[in-house]
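What's counted below: heavy atoms across the whole structure, side chains too, no hydrogens, waters or symmetry copies. Predicted, not measured: the structure shown is a model, and the values here were computed from it.
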Amino acid sequence: MVSRRRVEPREERTSRPVGREVLCFQEAATMADTPSNDDDILDAPDRGSAEELLDAGGQDEIGAMRHSTAHVLAEAVLDLFPGTKLGIGPAIADGFYYDFDLPRPLTPDDLESIETRMHESMAADHRFVRKEIALDDARAVAEGQGQIYKVEILDDLAARAIAGGDLPPVTSFYEHGPFSDLCKGPHVESTGRIGPFKLLSVAGAYWRGDEKRPMLQRVYGTVWGSQEELDQYLWRRAEAKKRDHRRLGVQLDLFSFHDVSPGSAFWHPKGQRVWRTLEAAMRELQERRGYEEISTPILVHKKLWQQSGHWDLYGDNMFRLETEGQEFSLKPMNCPESTIVYRSRLRSYRDLPIRYNEYGRLHRNERSGTLSGLTRVRQFIQDDAHIYVRPDQLAAEIEALLGEVREAYSWFGLEPRFAFATKPDKALGDPALWERAEALIRGALDSAGANYVVKPKDGTFYAPKIDIYIDDALGREWQMATIQVDLVMLPERFDLTYIDEAGQPQRPIAIHRAIYGSLERFIGILVEHFAGAFPLWVAPVQAVVIPIADRHVDAARELAAVMRARGLRVEVDASDGRMQNKIRVAQEQKVPYMMVLGDREIEARTASPRTRAGEQEPAEGWEKLATRLATMAAARRPD
RNA sequence: GCCGACAUAGCUCAGCGGUAGAGCAGCUGUUUCGUAAACAGCAGGUCCUCGGUUCAAAUCCGAGUGUCGGCUCCA
């Protein structure tokens, strides 16, 4: 079933505030989010209409309040910093922002005084009054006030009105107290109706998102209907900070970053154990599903990238180097090289599908400002695979892939959601091929019964794709897996063929797929999702044996050996500390099971595991216990 | 890359012109303990790097690097 409703950005939850949801001004809204070159995926006959575009977040009450708070923020800033030029101030998920061109950078102290000033405005309970005004008059007013950004918006509005003839040459202002702002509304009745709020941060933001335009200062804030909701939101933020994988990565000794290689993780033994466990699980799935693993060079001559199209379209993101007058690049993707293996001999229609998986080390030269822990890196490894199929096999293969996604995510208790991303503006290949690929994907999604949304123009430059999203334990959305159906880059550019029943060469279709995506990123997300308390099967240390006194250490080592013989990852805490302290340490390391060993247990050769949840399980014989835990771990359950 | 902030012991942080501190971790000793922190002592730092101002710089200024919050980009 095709989701024919317009993809509604408001429904997207993201892990950070994204200011594109709802915008105050027509042009801003148009620029930010409206697909201009639509196809039948979208059914929005009224898209572009003034009514829709001007809706400033007031579709619901809380949106109207957030937007109203942005106005009060602007009032306060204008009051405290005369001469401030206003940008735009929309409602966003969980709050609002306003962009300002200020005489000097804002500090955290400024936020406090701005908040104070805002409280005054709210106490005064100014009414929000809507004023209709002719565009020309509005422009004159804005110009008189030196509000150059508003003038720009009004000029654009006027241009559209003239060009389209469908806009009344009238616009609206909203006034409250001394403040007036170009705005469609709606707003709450008065400033006194605004709930508890808090200003959160200041950040730079280009005017209209264009890096060639001036950088404005964006103030982010949050506002809620009740103190309780505000507190809950702030708690969620604090909780997210506690779960931050960069923080837990240090605490749990999983990985570190160093300035000798910005954007690339150093994996410590425990992190590497997590890594290898995930990799082994995926390899097991892949072998079971008919994949064959390959391995290709990291350092590759530019002619390969010229052939694939990366050199032109992706070159800025590639690390290049030169030797003996020849230019090479570190590979940013595995795909072009998989074709070399494919082409190493003639392929028959009977050979397909061919499924090559590869855990290749990739380098992408991400801009320095975008690097962020494990979620945005310059070096990473994907659980990557390239599948070559006949056209008649495509639908079945995609269905199988959707099944793989569901299986793999069930190991972590994650629910995948699907999004179908179509042709971007900057794309390779014949538009007819794109149309065909998109139709095939939609058909496969439908027959797999997948529930999905459509993301227009969000495909890669060589393929439409299915992106898979999950919501983590804090309700944050993450993009994870991707399935890309490539009729262009690999098959056409590398002239791939197979010989059909009639002895004629035919073009295969290539599918690029990664289910974890980058292992780095996936582990980072898992750390945050589980707050570091990995499921038993993933935990770097699955159990710690805790001898009560020194005389119990030998027995503890024996028990550990019994458990290791069952493939469990077990450590013995033979330190000088007291048992209580050893428990505390294991607890802080989020070790799933602790086995306290004293005279009683050793006598009976039993142990009673304490879980990290603080539960005490009944005593069990060593062999039985080891077998039980090993069975649980092998089941790959999400707890 | 751009805007802003930050960078002090392994970790978390204090000090903010007079030459470096705490807690935890580590080491040593005492303790041998029954389900989330035993006690004592010791050791540990080119205060990110380079340059400048100053009698004197961790502290003020500039540049660089890295990190963080965003913008932008994004397979």
Side-chain angles (χ1 to χ4, degrees), chain A residues 16-20 97 99 101-102 104-108 110 200-220 241 244 246-247 250-251 253 256-263 310 313-314 316-318 331-335 362 364-373 375-376 380 382 384 421 424 426 458-463 465 467 479 482 484 486 489 512 514 517-518 521 546-553 575-589 594-601 608-617:
Chain A
R16 58 198 167 120
V18 174
R20 60 189 160 155
Y97 69 77
D99 286 343
D101 191 342
L102 284 155
R104 68 161 172 86
L106 291 175
T107 67
D110 291 327
L200 298 172
S201 60
V202 194
Y206 298 111
W207 170 234
R208 294 187 155 184
D210 181 347
E211 60 185 292
K212 292 182 189 69
R213 311 294 305 268
M215 171 84 56
L216 307 181
Q217 293 189 64
R218 175 171 299 178
V219 176
Y220 283 98
K241 204 175 166 190
D244 191 318
R246 293 166 297 198
R247 182 190 173 90
V250 173
Q251 205 174 305
D253 198 17
S256 57
F257 286 87
H258 197 278
D259 63 7
V260 297
S261 188
H310 285 88
L313 283 163
Y314 201 70
D316 290 346
N317 283 317
M318 291 164 63
K331 66 175 171 182
M333 299 176 198
N334 295 309
C335 32
L362 307 180
R364 296 181 186 178
N365 194 1
E366 304 290 353
R367 296 162 87 174
S368 58
T370 66
L371 301 176
S372 177
T375 51
R376 194 69 177 181
F380 59 99
Q382 293 176 307
D384 204 5
K426 204 164 106 175
D458 205 33
T460 76
F461 66 81
Y462 54 83
K465 61 178 180 172
D467 283 331
Q479 192 199 317
T482 183
Q484 305 172 358
D486 175 10
M489 184 177 70
H512 311 238
S518 120
R521 181 178 152 85
I546 298 178
I548 290 179
D550 285 350
R551 65 176 181 281
H552 306 127
V553 169
S575 70
D576 190 34
R578 297 174 70 213
M579 174 207 61
Q580 282 87 342
N581 185 51
K582 294 177 184 178
I583 288 172
R584 184 182 146 86
V585 169
Q587 199 76 46
E588 281 181 340
Q589 289 297 304
M594 289 151 248
M595 251 72 73
V596 174
L597 229 50
D599 294 331
R600 293 202 297 267
E601 289 81 5
S608 40
R610 178 198 211 276
T611 70
R612 63 188 160 196
E615 291 153 358
Q616 192 70 46
E617 296 185 347

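The ring-ring contact (aromatic ring centres under 6.0 Å, His included) test applied to A:His512 returns A:His386, A:Tyr462, not counting sequence neighbours. Shown here are the side chain to side chain donor-acceptor pair (under 3.5 Å) partners of A:Gln589, two or more places apart in sequence or in another chain: there are none. Here A:Asn317 pairs with nothing under the side chain to side chain donor-acceptor pair (under 3.5 Å) rule; sequence neighbours left out. Remark: A:Thr482 pairs with A:Asp467, A:Gln484 by the side chain to side chain donor-acceptor pair (under 3.5 Å) rule, at least two apart or across chains. Every residue two or more places apart in sequence or in another chain that forms a side chain to side chain contact (heavy atoms under 4.5 Å, CB included) with A:Ser608 is listed here: A:Glu601, A:Gln616, A:Ala619. Annotation: side chain to side chain donor-acceptor pair (under 3.5 Å) contacts of A:Thr611 (sequence neighbours excluded): none. Taking the side chain to side chain contact (heavy atoms under 4.5 Å, CB included) definition, one finds that A:Ile548 meets it with A:His552, A:Met579, A:Val596, sequence neighbours left out. Contacts of A:Leu102 classified as side chain to side chain contact (heavy atoms under 4.5 Å, CB included), with partners at least two apart in sequence or in another chain: A:Val77, A:Phe81, A:Thr84, A:Phe100, A:Leu106, A:Gln217.
No donor-acceptor contact under 3.5 Å links the side chain of A:Arg578 to the base of B:U32.
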### Pair assignment for RNA chain B - dot-bracket with | for other-strand partners, Watson-Crick or G-U under 3.5 Å
(((((((..((((....[..)))).(((((.......))))).....(((((..]....))))))))))))....
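The side chain to side chain donor-acceptor pair (under 3.5 Å) pairs that include a residue from residues 578-588 of chain A are A:Arg584-A:Glu588, A:Gln587-A:Arg610, where partners are two or more places apart or lie in different chains.
Here, B:G64 and B:C6 have their C1' atoms 16 Å apart, quoted to the whole Å.
Nearest-nucleotide mapping onto RNA chain B: of A:Asp244 and A:Ile548, the residue sitting toward the 5' end is A:Ile548.
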Set out, line by line, the N/O atom pairs under 3.5 Å between protein and nucleotides 3-8 of chain B.
from	atom 1	to	atom 2	distance (Å)
B:C3	O2	A:Gly204	N	3.3

Might you list the N or O atoms of the protein lying below 3.5 Å from N or O atoms in nucleotides 28-30 of chain B, with each pair's distance?
from	atom 1	to	atom 2	distance (Å)
B:U30	O4	A:Asp576	OD2	2.8

